[in-house]
There are 2 protein chains.
Amino acid sequence: MKQKILIVEDESAIVDTIQYALETDGFETIWVSSGLEVLPILSIQAIDLIILDIGLPDVHGFELCKSIRKLYAVPIIFLTARGDEIDRVVGLEIGADDYVTKPFSPRELSARVKAVLRRTPKQSARISSDKIFQIDEHKCQIAYYAKILELSRYEYKILKTFIRRPGYVFSREQLMEHIWDVPESSMDRTVDAHIKNIRNKLKTVKPDVEPIVTNRGLGYSLKEDL
Amino acid sequence: MKQKILIVEDESAIVDTIQYALETDGFETIWVSSGLEVLPILSIQAIDLIILDIGLPDVHGFELCKSIRKLYAVPIIFLTARGDEIDRVVGLEIGADDYVTKPFSPRELSARVKAVLRRTPKQSARISSDKIFQIDEHKCQIAYYAKILELSRYEYKILKTFIRRPGYVFSREQLMEHIWDVPESSMDRTVDAHIKNIRNKLKTVKPDVEPIVTNRGLGYSLKEDL
DNA sequence: TTCTGTTTTCATAATGCCTTCATATTTAAG
DNA sequence: CTTAAATATGAAGGCATTATGAAAACAGAA
C-alpha cells in the first residue's frame, strides 16, 4: 500500500535523485517532465503528494499550483532555485504546503514529504511489483536476477539510466550528455563498446535473455516486459 | 449545430471583441484565461477550433500547442504580438494551422477561422480522444488499436508525421525534407516502399481498415474518421 | 615509477534496413 | 475501350548502422 508521489521536474538528473530517495523510503513515484500533463493525470489517478519544480519550461509553477488547488486538495511541495522570493507566497496565498530550495539533499526532501503527509489525511494506495533489476545507489551496485553485477563506473551509470526509464530509447548523444562530464570529448563508438560490456556481464547471469534492445538509427533501450 | 471555438486569452478586452465577432458569425465560443485549463477541457468537450494566445501568463503557447497536438487533431490559430519570429514555426514544426498578429481586426480573425475550418474536414475537428494511434515519443513507438507496432526508424517517423496531422496530405518531397537528414540524396520510389511496409504492418493489426490514403498526384495522408 | 583495471579508439565483420529496379496494378483522361 | 500516367508490390543488392575483438591510451593506487 505505497503512497504515490507525482514529481513534476524537467531535469532528469534531479528526478533520478528524488526518485531514488523516495523509493527507498517506500514511496511510489510518478514522473512527468511537463507541467501541462499534471491536471490530466490528476483527473485520472489518485496522487498523495506533488513535488513541483517552479522553473518548468512550459508552465509557471505558481500558476500551476493555483490551478491544481482549484480542483484538488493534494499537498504540494515546491522545488525552487532561489528561496528568498518564495517565503511570502508559500502558505495560503498560493496553496503550497512546503518548499525546498536547490540544491537540496534528497534525504531532506524525503523528510519533508513525510512531514507533510503526516499532517494530511491519507486517501489512496496502490501496489507495485518487485523488480528484476535492483539499484543500490549507496553501494553503486546493480543486482540482476538477485545477482550483483560487477560494473565499472560508466557501465553502472548507463545501466542505471536504462533501468530508471524502461522502454525509453536513448540515443548515443543523450547518453553522452546525461552521463559523461565532458560530453563532446569523445564520440565514435564509445557507447557501443560499453553496451557490449554490459551485455556480456548480463549474459553471465542469464544467457538466454537480452534486456538491452538496439533501436537501429535511434539508440538503445531496456526491454520493458522482463 | 454551431461550431465551438475555444478562446485561450488572458486579456478580457481582446476576448470581448473576438467573442463578439465570432458569435455574430454563428460560432459558439468558450473562453478560458489560463492555458492550463485547455487540456482538461479538451478531454471533456468537443472543440472545433482553438484560438491560442502565445503570451499567456501561465504557459508557453508553443509548448501548449505541442501538448495539444500529441492528443488532439483540433485546428489551432495563434495570436501573437510579434509576427516576425513566428513564420517558421507555424506549420509542421509546432502544428499550428494559422496565426494572427496583434493588433488585428476581429473580422480578419473570423475570416481566418472560417478559412481554417473550411479546409479541415468536420470529422477531424472532433476530438480524437479514442486515440486509435498512440505515440510514445520517449519509447519511439506507436500503438495502433492498442497494439504496439514494430516499426523501423523511417517507418516510425513517417507514421508519426501523419498522426500529428490527420488528413493533411504530405507529398513525397515534404516527407523527404521533414524526415530524412539528407533529403536530396534519394528520391525514386523510396517513400512508396516505406508506405507499403507501414501498410502491411497496420494490416496485421486490423486487416479490414486502410488508414493511409493515397492522394494521386499529391501524396499520402492519414484518414481522419477512423 | 609500475601495475592494474577502465575507457577509448580502431579495424573488421555482421546485420538488417533502405533503396532501387522491374513488373504489375490502378486510376484518370481521351 | 484504349492509353498514359501514377502508384503498388516483390525481390535483391547496396549500404548505413551496429557488433565485436583487440590494442592503445588513460587514470588511479601501491
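As a basis for the values below, the full set of heavy atoms in this structure was taken, side chains included, without hydrogen atoms, waters or symmetry mates. Proteins come first, then strands; the chains are lettered A, B, ... in the order of their sequence lines, and each starts at number 1.
- Between B:Phe162 and B:Phe133, a ring centre-to-centre spacing not shorter than 6.0 Å is recorded.
- Contact check, B:Arg172 against D:dA6: no side-chain N or O comes under 4.0 Å of OP1 or OP2.
- Here the C1' atom of nucleotide D:dG21 and the CD1 atom of A:Ile195 are 17 Å apart, to the nearest Å.
- Atom CD in A:Glu150 sits about 9 Å away from atom P in C:dT6, given to the nearest Å.
- Rounded to whole Å, atom P of C:dC17 lies 14 Å from atom CD1 of B:Ile158.
- Regarding A:Ile198, its CD1 atom lies at a distance of 13 Å from the P atom of C:dT6, rounded to whole Å.
- Residue B:Asp192 has its side chain nearest to D:dT9 when only C:dC17, D:dA19, D:dT9 are considered.
- Listed nucleotides D:dT18, C:dT6, C:dT20 differ in distance to A:Tyr220; the shortest reach to its side chain belongs to D:dT18.
- In this structure, the nucleotide among C:dT19, D:dG21, C:dC18 sitting nearest to the side chain of A:Lys196 is D:dG21.
- For D:dT17, neither phosphate oxygen OP1 nor OP2 lies less than 4.0 angstrom from any side-chain nitrogen or oxygen of A:Thr214.
- In this structure, B:Tyr154 atom OH and D:dA16 atom P are separated by 10 Å, rounded to whole Å.
- Looking at the side chain of A:Arg216, the nearest of the listed nucleotides C:dG16, C:dC18, D:dT20 is C:dG16.
- Between the P atom of C:dC17 and the OH atom of B:Tyr156 lies a distance of 17 Å, rounded to the nearest Å.
- In summary, of the residues considered (B:Leu202, B:Thr204, B:Ile198, B:Ile163), a side-chain contact (heavy atoms from CB on, under 4.5 Å) with B:Tyr144 occurs for B:Leu202 alone.
- Cation-pi geometry between A:Arg165 and A:Trp31 is satisfied (NZ or CZ under 6.0 Å from the ring centre, within 45° of the ring normal).
- In summary, A:Lys201 and A:Glu150 do not engage in a salt bridge, as defined by a charged side-chain N under 4.0 Å from a carboxylate O.
- Residue A:Arg153 places none of its side-chain N or O atoms closer than 4.0 Å to OP1 or OP2 of C:dT6.
- In terms of phosphate contacts, A:Trp180 brings a side-chain nitrogen or oxygen within less than 4.0 Å of OP1 or OP2 of C:dT8.
- Base engagement by B:Arg189 is indicated by at least one non-hydrogen atom pair under 4.0 Å involving a base atom.
- Pairing each heavy atom of A:Leu49 with each of A:Val116, the nearest pair is CD1-CG1, 3.8 Å.
- One interatomic measurement links the two molecules: CG of B:Asn200 to C1' of D:dT7, which rounds to 15 Å at whole-angstrom precision.
- Between the CG atom of B:Asn197 and the P atom of C:dG16 there is a distance of 16 Å, rounded to whole Å.
- Here B:His194 reaches the OP1 or OP2 of C:dT19: one of its side-chain N or O atoms lies under 4.0 Å away.
- Phosphate proximity of C:dT20 to B:Thr190: present, with a side-chain N or O under 4.0 Å from OP1 or OP2.
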